[in-house]
Chemist: 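Structure below; questions to follow.
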Amino acid sequence: MIATVMVAAALTCPQESKLQAMLPDVFAKSAAHYRAIDAAATPLMNARTPKKRNRPFDERQVPHGWMAKEGKLDMRSIYWWTSGHFPGSLWYLYEATGDGFFKDRATVWTEFVAPNSKVSDNHDVGFIMYCSFGNARRLLKTDRYDALLLETADSLSKRFNPDLGVIRSWGAISDNKNFLVIPDNMMNLEILEWAAKNGERGTGNGERGNAKRFDDIARSHSTKTMAHHFRADGGTYHVLNYDQRPGFLGAVQEIRRGQGLSCETAWSRGQSWAIYGYTMMYRETRDPAYLAFAQKVADFAINHPNMPADGVPYWDYGAPGEERDSSAASIMASGLLELSTFVKGDKGAKYRAFAVKQLLSLCSDEYFAKPGENGDWLLKHGVGHKPVGSEVDTPLDYGDYYFLEALLRVR
Ligand code: GLY
């Protein structure tokens with residue numbers, strides 16, 4: 001989520017001036033797109049999807065994407081991992097335009113996903129609840145959602161295994177054969193850091209208070225992930241399977257390609273989650289190890305020989321010439337903008353300039369959709385899960401969310 005980012009003194013380069021000048025128009029067009037999605041989605045929001053999982057709640061639906069062949073909005077259950085991104089984008093549009101319409105609609109869609117606060121069977125509740133309720137709290141300057149956010153942090157923390165030192169991303173808590181962790185999990189730590197600072201505190205007399213444990217978990221997960229989840233060059237694996245057997249506890253028993261091309265290449269969105277996630281962890285903890293690591297994973301991406309000239313990565317760094325993933329670019333741009341505020345001198349300026357280049361590309365006709373196309377989502381050319389042929393070259397709600405966030409960070 002957007003944080004109060006200190007903007008480097010106005011060392012604005014010509015490309016950034018160009019982007020700044022485009023912002024009012026891009027925000028106005030984005031607002032029109034999202035009004036159209038909201039209008040199409042509202043009559044569908046209470047339609048129930050068939051229950052796939054044993055949930056204690058009704059399965060209501062939130063807009064997620066676009067089914068081009070059917071010409072239909074892709075509505076997903078409120079328990080789908082991206083259900084917080086549409087409400088979150090509405091909050092960013094409220095922030096960008098000041099238009100009360102977006103505040104009202106963001107509030108409705110945000111409150112719709114509230115049942116996720118009780119969910120412990122996946123790590124995505126951090127994304128879901130912090131992109132929606134976290135932004136609501138920040139922009140409405142209210143504490144009325146705090147209990148819900150703290151409950152979410154508690155639900156997420158149940159997936160932490162203290163013996164391994166990491167949160168289980170996928171799979172049942174009771175599975176003692178597989179313990180799967182993905183770099184995307186770094187994004188779900190932000191709500192834990194928020195909870196650590198806003199939950200029950202200690203007395204100041206040495207008693208730590210219940211909330212401190214959330215920070216302990218987030219740091220443990222980040223540090224362990226840093227040690228295991230990346231190759232020496234800073235490129236990420238997608239799925240690690242940690243061993244839970246006594247004697248092997250915490251060892252990596254298996255590497256899976258997951259959403260990437262192979263175990264030897266780096267899946268682009270995973271790399272972007274890492275850039276954003278370690279920058280966020282530095283913001284929250286000021287641990288210099290996280291700042292150094294954020295730069296390492298960022299440098300891997302920026303300097304990769306397969307990074308296209310426009311800064312929008314192929315869906316995997318090992319798949320040059322195949323589809324681009326606009327979501328990998330928008331997440332990376334938002335992360336780099338924040339990273340540039342922590343890194344001094346030429347290196348910080350280089351991160352900012354790269355993010356500006358990415359955003360200029362995403363604002364161009366090649367990526368930014370015209371009204372009425374792309375299901376009215378903002379960015380074309382996202383890739384969800386290429387190895388299984390799911391959501392290839394399509395809009396993605398989270399691509400839009402981090403695009404709007406990045407533009408707000410520029411502004
Ligand atoms: N967190 C799942 C994805 O990035 O596709």
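Atoms within a ligand are numbered from 1 in the order they appear, just like the ligands themselves. Starting from 1, each residue takes its place in the sequence as its number.
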Chemist: Are any side-chain N or O atoms of S220 and backbone N or O atoms of I217, one a donor and one an acceptor, separated by less than 3.5 Å?
Modeler: no
Chemist: Pairing donors with acceptors under 3.5 angstrom, does anything connect the side chains of N135 and Y401?
Modeler: yes
Chemist: Treating S120 as the side-chain partner and K158 as the backbone partner, does any N or O pair qualify as donor plus acceptor under 3.5 Å?
Modeler: no
Chemist: Would you list the pairs meeting ring pair (Phe, Tyr, Trp, His ring centres under 6.0 Å) in which at least one residue belongs to residues 316-347, sequence neighbours left out?
Modeler: Y282-F342, F300-Y317, H304-Y317
Chemist: Considering only residues two or more places apart or on different chains, which pairs with a residue in residues 93-117 satisfy ring pair (Phe, Tyr, Trp, His ring centres under 6.0 Å)?
Modeler: F86-W109, W109-F112
Chemist: Give a table of atom pairs where an N or O of ligand 1 lies under 3.5 Å from a protein N or O.
Modeler:
| from | atom 1 | to | atom 2 | distance (Å) |
| --- | --- | --- | --- | --- |
| ligand 1 | 1 (N) | D184 | OD2 | 2.6 |
| ligand 1 | 4 (O) | D184 | OD2 | 3.4 |
| ligand 1 | 4 (O) | R269 | NE | 2.8 |
| ligand 1 | 4 (O) | W273 | NE1 | 3.0 |
| ligand 1 | 5 (O) | Q259 | NE2 | 2.8 |
| ligand 1 | 5 (O) | R269 | NH2 | 2.7 |

Chemist: Just to verify, what does T394 make a side chain to side chain donor-acceptor pair (under 3.5 Å) with, not counting sequence neighbours?
Modeler: none
